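Everything numeric in this text was worked out from a predicted model, so none of it was measured.
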Amino acid sequence: MNMRTFMALLMVLLLCHLCRAQIISSGNDSSDETDLADTQRPSIEGSEEDLVLQTDIWVELLALRDLVVEQSVELRYLKDRVTVLDSLVEDLQKENTVMEARMTAAEILVEELQMKNDAQARDLGIAQQNISSIQETLTVCELHVEEVEKQQEAQARELAAAHLELSAMRETLTVSELRVEMLEKQREVVKVAFSASLLESGEGNIEYGSEFATLIFRNVFTNTGNHYNPNTGYFTAPVRGVYYFRFTGHMAYSEKNMRMRLVKNSNAMVFIGDCKTPSTDPEDNASNGVVLQLEVGDVVSVQLSDSVWDDQYHRTTFSGFLLFPS
């Protein structure tokens, strides 16, 4: 539209110049006739002015022609640019169409994404509500766990106290068991008694020298606790306590005296004795007893000097028993 307007204006301008030239030429002719009559100027002057005017017109027309040529060249250049721009515009319109299609697809996608986002927002709201509920439940559980932990701590303290009490009871029980065991042993040990005679069988005198030697009473009647040894003739005290001992000796058909003593460890406690028996009094007895305080491991025996008789009637004996522990 701009080029067409320019060309129209150019043609109008050209026509204006032509009309001006004709008017000036007509005016000059009238003026020449008047001047010839009044002033009598020469006609050659008017011809020169017309010539100058026509020359100016042709100069302007040539200038306008050059301008039109330049404008035509520029118009072709502009047409080429317009063609290029139209092609570019067409390409841009196509690209715009593609972009509009993509924009439409993008808007549809955005709408779908918005719908998904709304759905996710709803799901998120539900999830947040669930999380809130779970948190409340968790808080309640934590409080319950804390309470249970406190109860467990209290139970642990009670259990520890129970363990201590149980340990004390076990110690007490152990002590009690030891005491019971000791008492049972003492009760078993308290049952101490023995009695024995000199010969297991036969009869006759047992003769020693003048020095005292331990008699071995081999025929055992009773040996509760087995604390009398019939192989050595020694009684060994199993517990500390008070004991009673008694021994007897029989004289018969002997030319020697009878001397007997009860010995604690190596100390003589009590004695019996008798002289040799005459034919008018061929038999005789002697006995003695004693209560002794013994320690554990003390030994008691009967010793003889000279001779003593024994037979199937077991008239030479050695006995003892525990009266009570001490």
Side-chain angles (χ1 to χ4, degrees), residues 84-194 222-229 235-243 293-298 321-326:
V84 173
L85 289 174
D86 288 339
S87 178
L88 181 61
V89 167
E90 186 177 357
D91 293 337
L92 289 174
Q93 286 178 349
K94 291 180 180 179
E95 186 175 355
N96 187 32
T97 303
V98 174
M99 291 297 292
E100 287 178 354
R102 292 181 63 186
M103 182 66 70
T104 303
E107 289 176 352
I108 294 172
L109 180 60
V110 167
E111 185 177 358
E112 291 178 355
L113 290 175
Q114 185 65 38
M115 293 175 64
K116 289 183 179 179
N117 188 32
D118 294 339
Q120 289 177 354
R122 290 192 296 272
D123 294 340
L124 181 61
I126 296 172
Q128 288 177 347
Q129 292 179 357
N130 293 332
I131 290 173
S132 300
S133 178
I134 292 172
Q135 286 179 346
E136 293 177 357
T137 305
L138 181 60
T139 302
V140 174
C141 291
E142 287 176 349
L143 294 174
H144 183 65
V145 168
E146 185 177 357
E147 183 178 356
V148 171
E149 287 178 349
K150 290 181 180 179
Q151 292 178 356
Q152 287 181 347
E153 290 177 358
Q155 291 176 355
R157 290 192 294 270
E158 293 178 357
L159 183 61
H163 279 306
L164 292 175
E165 185 177 358
L166 180 60
S167 298
M169 292 177 65
R170 285 178 177 174
E171 292 178 358
T172 304
L173 180 61
T174 302
V175 173
S176 300
E177 288 176 348
L178 292 174
R179 291 184 63 184
V180 168
E181 184 178 358
M182 185 180 297
L183 290 174
E184 288 179 351
K185 288 182 178 179
Q186 288 180 355
R187 187 176 65 182
E188 292 177 358
V189 170
V190 165
K191 297 177 182 180
V192 178
F194 74 96
T222 302
N223 193 9
T224 304
N226 293 318
H227 300 294
Y228 171 73
N229 190 340
F235 169 80
T236 303
V239 294
R240 184 178 185 273
V242 177
Y243 294 81
Q293 173 68 52
L294 299 182
E295 302 295 332
V296 176
D298 287 344
F321 54 87
L322 175 65
L323 293 175
F324 53 86
S326 64

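- Residues Leu322 and Tyr243 have side chains in contact (heavy-atom distance under 4.5 Å, counting atoms from C-beta outward).
- Here Leu92 contributes atom CG and Asp86 contributes atom CG; the two are 11.0 Å apart, rounded to the nearest 0.5 Å.
- Atoms CD and CD, on Glu149 and Glu142 in that order, are 10.0 Å from each other to the nearest 0.5 Å.
- Distance CZ/Arg102 to OG1/Thr104: 11.5 Å, rounded to 0.5 Å.
- Going from atom CD of Gln114 over to atom CD of Gln120 covers 10.5 Å, rounded to the nearest 0.5 Å.
- Across all their heavy atoms, Gln293 and Gly241 have their closest contact at NE2-O, 3.3 Å.
- Annotation: side chain of Arg170 is in contact with side chain of Leu166 (closest heavy-atom distance under 4.5 Å).
- Side chain of Asp298 to backbone of Ala237: no donor-acceptor contact under 3.5 angstrom is found.
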**Asked** Given Phe235 and Val192, is the side-chain contact (heavy atoms from CB on, under 4.5 Å) satisfied, shown in steps?
**Response** CA-CA 10 Å; Phe235 169 80; Val192 178; 3.6 Å; yes
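- How far OG of Ser133 is from CD1 of Ile126: 13.0 Å, rounded to the nearest 0.5 Å.
- Not one N or O on the side chain of Asn117 forms a donor-acceptor pair closer than 3.5 Å with the backbone of Leu113.
- Summarising the local packing, CD of Gln151 is surrounded by more than 12 heavy atoms from other residues, nucleotides or ligands at distances under 6.0 Å.
- Checking side-chain atoms of Arg240 against main-chain N and O of Ser326 turns up a donor-acceptor pair under 3.5 Å.
- Remark: Glu111 CD is loosely packed, at most 12 non-hydrogen atoms of other residues, nucleotides or ligands lying under 6.0 Å away.
- Gln93 CD to Ser87 OG: the interatomic distance, rounded to the nearest 0.5 Å, is 10.5 Å.
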